[in-house]
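Here the structure comes first, spelled out in structure tokens, and everything after it is commentary.
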Amino acid sequence: METFSSIECFVRSAEVGSFAEAARRLSLTPAAVGKSVAKLEARLGVRLFQRSTRSLTLTEAGQLFLGEVSASLHTIQNAVANLASAEGRPAGTLKVSMGTVFGRLYIMPLLGEFLRRFPAINPDWHFDNRQVDLIGQGFDAAIGGGFELPQGVVARKLTPAHRVLVASTDYLAQREAIVEPDDLRHCDGILIRSPQTGRVRSWQLTSRSQQHSPLTLQARMTMSDSEAACATAAQGLGIALVSMPFAVSYLNAGTLQRVLPDWYVDDGNISIYYAEHKLLPGKTRAFVDFIIEQFAEQGLGQRFSAI
């Protein structure tokens, strides 16, 4: 058991690059983690880390050893967690990251039914529009779109991530008819700034017939999320390029209408992400299957499609 504890300290330290951070996640002291790793090195007869006052980096031997033991450690831990679940049911703290507004609009309403089915699970949900380090920060799952897929993480598609152009009836009534993408160049644009990079991306429009055209909308203002852009467009202040999930309620209410309804931006998919394990923890499997089931039953994939 002592060797298993030492291996856990080693793996966590390698994942986060710090004895102190590994200690925080393991509820130990940094000294205890460092001592445990040192014992493991002595037992193996090799140095696993290069240590300095500012950094902790794996040696070549450490990289090889991490590759050998990391997956097995997670499998054993998940097996223990599953056996420890309440009466064989999924149990434990479920740490999930999701976009702030998307989570509030579409995931939070599912919470009551989820807890009715799985009362032994304790949600620990984080609302953030930035991509998280799923493994390094100890998340069980994340929901979002446009993320790079790190090694060891898998994604299950929930819905297409389409963006559409929207404006108020009043704004459009004051302008010449917009019938093709080039007509946008003289319109007031309400564009979204990426929370990851802080930049406004250059978008390409796609038509239902799969033609392509650059988005020539001139930026009048920028917002950090689609909900704010929808609210701004509803005041008649311009044309907004927004994610379809945020536009749906405005379109249904008639507060906004689509501009160039045959054109949209394809931004990939909104997916649920989780660490790839041979034996996934019961709480994570329950959550992933539940979210996929609910999105299918509610037809959210069709509602969020711009086509």
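Basis for what follows: all heavy atoms, side chains included, without hydrogens, waters or symmetry-related copies.
- Between D124 and K95, no side-chain nitrogen of the basic residue sits less than 4.0 Å from a carboxylate oxygen of the acidic one, so the salt-bridge criterion is not met.
- Classified by interplanar angle (parallel below 30°, tilted 30° to 60°, perpendicular above 60°), the ring pair F295/F304 is perpendicular.
- Between the side chain of R89 and the main chain of P119, no donor-acceptor pair closer than 3.5 Å is present.
- Counting only distance, with no hydrogens or angles, the side chain of S18 and the backbone of A20 share a donor-acceptor pair below 3.5 Å.
- Around CD of E176, the count of heavy atoms belonging to other residues, nucleotides or ligands within 6.0 Å does not exceed 12.
- A donor-acceptor pair under 3.5 Å is absent between the side-chain atoms of S36 and the main chain of A32, judged by distance alone.
- Side-chain atoms of Q257 and Y171 form no donor-acceptor pair, as typed in the model, at a separation below 3.5 Å.
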Just list the side-chain donor-acceptor pairs under 3.5 Å for residues 263-274, sequence neighbours left out, or say none.
| from | atom 1 | to | atom 2 | distance (Å) |
| --- | --- | --- | --- | --- |
| D266 | OD1 | G268 | N | 3.1 |
| D267 | OD1 | R201 | NH1 | 3.4 |
| D267 | OD2 | R163 | NE | 3.3 |
| D267 | OD2 | R163 | NH2 | 3.4 |

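- Side-chain atoms of Y106 do not come within 3.5 Å of backbone N or O of L300 as any donor-acceptor pair.
- In Q210, the CD atom is crowded: over 12 heavy atoms of neighbouring residues, nucleotides or ligands sit closer than 6.0 Å.
- Ring-plane geometry between F139 and H126 is classed as perpendicular, the angle between the planes exceeding 60 degrees on a 0 to 90 degree scale with a lower cut at 30.
- F49 and F19 have perpendicular rings, their planes meeting at more than 60° on a 0 to 90° scale where under 30° would count as parallel.
- A 6.0 Å sphere centred on CZ of R220 holds no more than 12 heavy atoms belonging to other residues, nucleotides or ligands.
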